[in-house]
There are 2 protein chains.
Amino acid sequence: MTTAPPLRERKKQRTRQALIDAALRLFGDRGFGGVTLDELCEEVEVSKRTFFRYFEGKEDVAMAPLHDMWRAFLVELETIPADGRPLLELMETALLTALDRVADDAWAGRALLSYRLSESTSSMNAHNLHFCESTMCSLIEVLHRRLDLPDDARPRLLGDMLVAAWRHAVGGWAAAAGDRPAVPEPAVPEPAVPELAARFRDTVAALPGSLTLTADPR
Amino acid sequence: MTTAPPLRERKKQRTRQALIDAALRLFGDRGFGGVTLDELCEEVEVSKRTFFRYFEGKEDVAMAPLHDMWRAFLVELETIPADGRPLLELMETALLTALDRVADDAWAGRALLSYRLSESTSSMNAHNLHFCESTMCSLIEVLHRRLDLPDDARPRLLGDMLVAAWRHAVGGWAAAAGDRPAVPEPAVPEPAVPELAARFRDTVAALPGSLTLTADPR
DNA sequence: CCATTTATGCCACTGAGTGGCATAAGCGTG
DNA sequence: CACGCTTATGCCACTCAGTGGCATAAATGG
């Protein structure tokens with residue numbers, strides 16, 4: 001057990017989290033464009049100026065769950081044992097570990113809301129993609145620092161594939177979660193994290209097959 | 001030879017192109033954030049209201065060259081012969097053909113400026129990625145219409161790989177073009193389109209190898 | 001030449017995002 | 001506990017992207 005963090009720090013994290021929760025709730029109810037920052041700040045009783053000290057823009061606040069996951073992924077990458085096994089497997093493991101660390105039930109709910117918003121709001125989707133790419137750059141940097149990588153396009157392409165697989169997995173996961181309200185059991189209200197992990201694993205496994213895919217005309 | 005398009009249509013295309021050229025020039029000189037829309041519109045002698053009838057936002061106007069290329073790609077996809085050859089090869093060919101159709105020397109210059117801007121301006125990069133993704137959705141739609149595709153993740157993943165390869169090729173092309181000013185010959189002022197095509201071909205060829213990539217610790 | 005359609009201009013407005021500066025809330029010291 | 005010191009916050013005014021409404025001008029078709 002670590003010693004309690006400074007009082008001030010806790011307050012910061014509390015307002016930060018309050019802003020995230022309020023944003024996901026309000027955006028979910030009235031849509032991203034249907035809520036002004038002034039309203040959001042009013043809700044949390046914080047000035048707009050303060051909002052921008054916590055987040056870079058209106059989009060950022062609603063993407064926090066995904067951001068946290070990727071941040072954990074980069075941390076994981078620093079310490080994961082890097083013997084000579086395939087890079088794809090290495091990255092896959094790191095992401096699954098990060099997911100396991102950061103994702104509890106509350107996270108799953110937030111992540112679902114976040115993804116839904118990024119689907120329905122093009123500016124959020126754009127920011128989301130941009131964030132994935134910048135994370136990917138950090139990923140390449142970490143790999144180059146820890147490993148003896150070839151200096152060509154392949155590591156970067158591999159990173160793009162990982163992101164593609166992740167995004168596709170989240171998409172399928174969120175879509176499946178949407179078909180839930182018909183289920184009578186109240187015990188399974190939200191999609192579980194393991195389900196997302198399984199989807200991601202499957203999607204990564206499908207990567208090689210997609211390269212050689214053929215199809216006949218109708 | 002097609003009959004001359006209506007007079008009015010020509011005027012529209014002229015103002016549109018004028019806006020694009022002025023935007024690339026001004027943004028290139030003073031940076032994306034250093035130019036207001038009012039200034040840009042003043043330059044072309046057009047009202048801001050009119051600007052927004054041609055483009056969806058400030059970012060759009062500077063991404064026109066890349067947009068044109070992808071639009072041509074989608075057109076090409078509709079008519080390209082689709083026998084049972086690998087989808088990746090199909091898409092690669094369609095993109096190379098589209099590039100060949102749309103890209104002359106003037107295009108190369110504009111595309112270079114456009115890419116530089118998207119590198120230095122995060123909001124442009126975000127919009128660029130978003131546009132690539134939405135193009136990808138259209139791509140999948142076209143393929144499903146013309147071909148008997150499996151209904152799983154693979155076509156989509158393949159599309160993401162194509163985009164990744166394209167983006168990486170453009171990045172390398174633009175970087176190589178930046179190292180030109182030292183060359184004495186004035187006959188090669190701008191990077192040629194064939195060079196970009198070759199880079200794209202190479203990057204696509206590197207896709208399978210990236211999946212099986214391994215690396216040892218330093 | 002006239003009527004219809006379509007592009008443009010003008011004006012006022014909302015809302016995101018920023019800079020500057022004053023104030024208050026933690027925090028370490030005596 | 002009282003004192004400065006640091007750091008977070010609030011408030012205000014401002015710029016600029018983007019939108020809606022309505023009047024005007026220009027092309028088109030007869």
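Below, chain A is the first sequence line, B the second, and so on; all start at residue 1.
Counting distance only, with no hydrogens placed and no angle test, the side-chain atoms of B:K48 and the base atoms of D:dG18 include a donor-acceptor pair under 3.5 Å. At a cut-off of 3.5 angstrom, the base of C:dG26 holds no donor-acceptor pair with the side chain of A:R10.
Distance from the side chain of A:R49 is smallest to D:dC11 among D:dT19, D:dC11, C:dC27. Nearest nucleotide to the B:K11 side chain, out of D:dC16, C:dT8, D:dA27: D:dA27. Of the listed nucleotides (D:dA17, C:dT8, D:dT28), D:dT28 has the atom at the smallest distance from the side chain of B:R8. In the set D:dA17, D:dG10, C:dG9, the nucleotide with an atom closest to the side chain of B:L37 is D:dA17.
The distance between atom CG of B:D38 and atom C1' of C:dC10, rounded to the nearest whole Å, is 13 Å. Taking atom CZ on A:F51 and atom P on C:dG17, their separation rounds to 8 Å, with Å as the unit. The distance between atom CG of A:L40 and atom P of C:dT14, rounded to the nearest whole Å, is 20 Å. The CD-P distance, from B:E9 to D:dT28, rounds to 10 Å in whole Å. Taking atom CZ of residue A:F32 and atom P of nucleotide D:dG18, one finds them 13 Å apart after rounding to whole Å. Atom pair B:H127:NE2 and D:dG18:P shows a separation of 7 Å (rounding to whole Å applied). With rounding to whole Å, A:E39 atom CD is found 8 Å from C:dG15 atom P. Between A:F52 atom CZ and D:dA8 atom C1' the separation is 17 Å, expressed in whole Å.
Looking at heavy atoms from C-beta onward, B:L162 lies in side-chain contact with B:F73 at the 4.5 angstrom threshold.
Each of B:K58 and A:R53 has a nearest nucleotide on DNA chain D; the 5'-most of these lies closest to A:R53.
The residue A:E45 sits close only to the backbone: its heavy atoms come under 4.0 Å of sugar-phosphate atoms, none of a base. Residue contacts shown for B:Y54 are limited to sugar-phosphate atoms, with no base heavy atom under 4.0 Å away. Within 4.0 Å (heavy atoms only), A:S47 reaches at least one base atom of the nucleic acid.
Salt-bridge formation is not detected for the pair A:R199/A:D202: no Lys NZ or Arg NE/NH1/NH2 atom is positioned less than 4.0 Å from an Asp or Glu carboxylate oxygen. Looking at B:R167 and A:D160, no side-chain N of the basic residue comes within less than 4.0 Å of a carboxylate O on the acidic one, giving no salt bridge. Salt-bridge check for A:E92 with A:R201: failed, with every basic side-chain N at 4.0 Å or more from each acidic carboxylate O.
Under 4.0 angstrom from either OP1 or OP2 of D:dG10 there lies at least one side-chain N or O belonging to A:T50. For the pair A:K12 and D:dA8, the criterion of a side-chain N or O lying under 4.0 Å from OP1 or OP2 is met.
In this structure, B:F131 and B:H67 have parallel ring planes: the angle between them is below the 30° cut-off, well short of the 60° mark.
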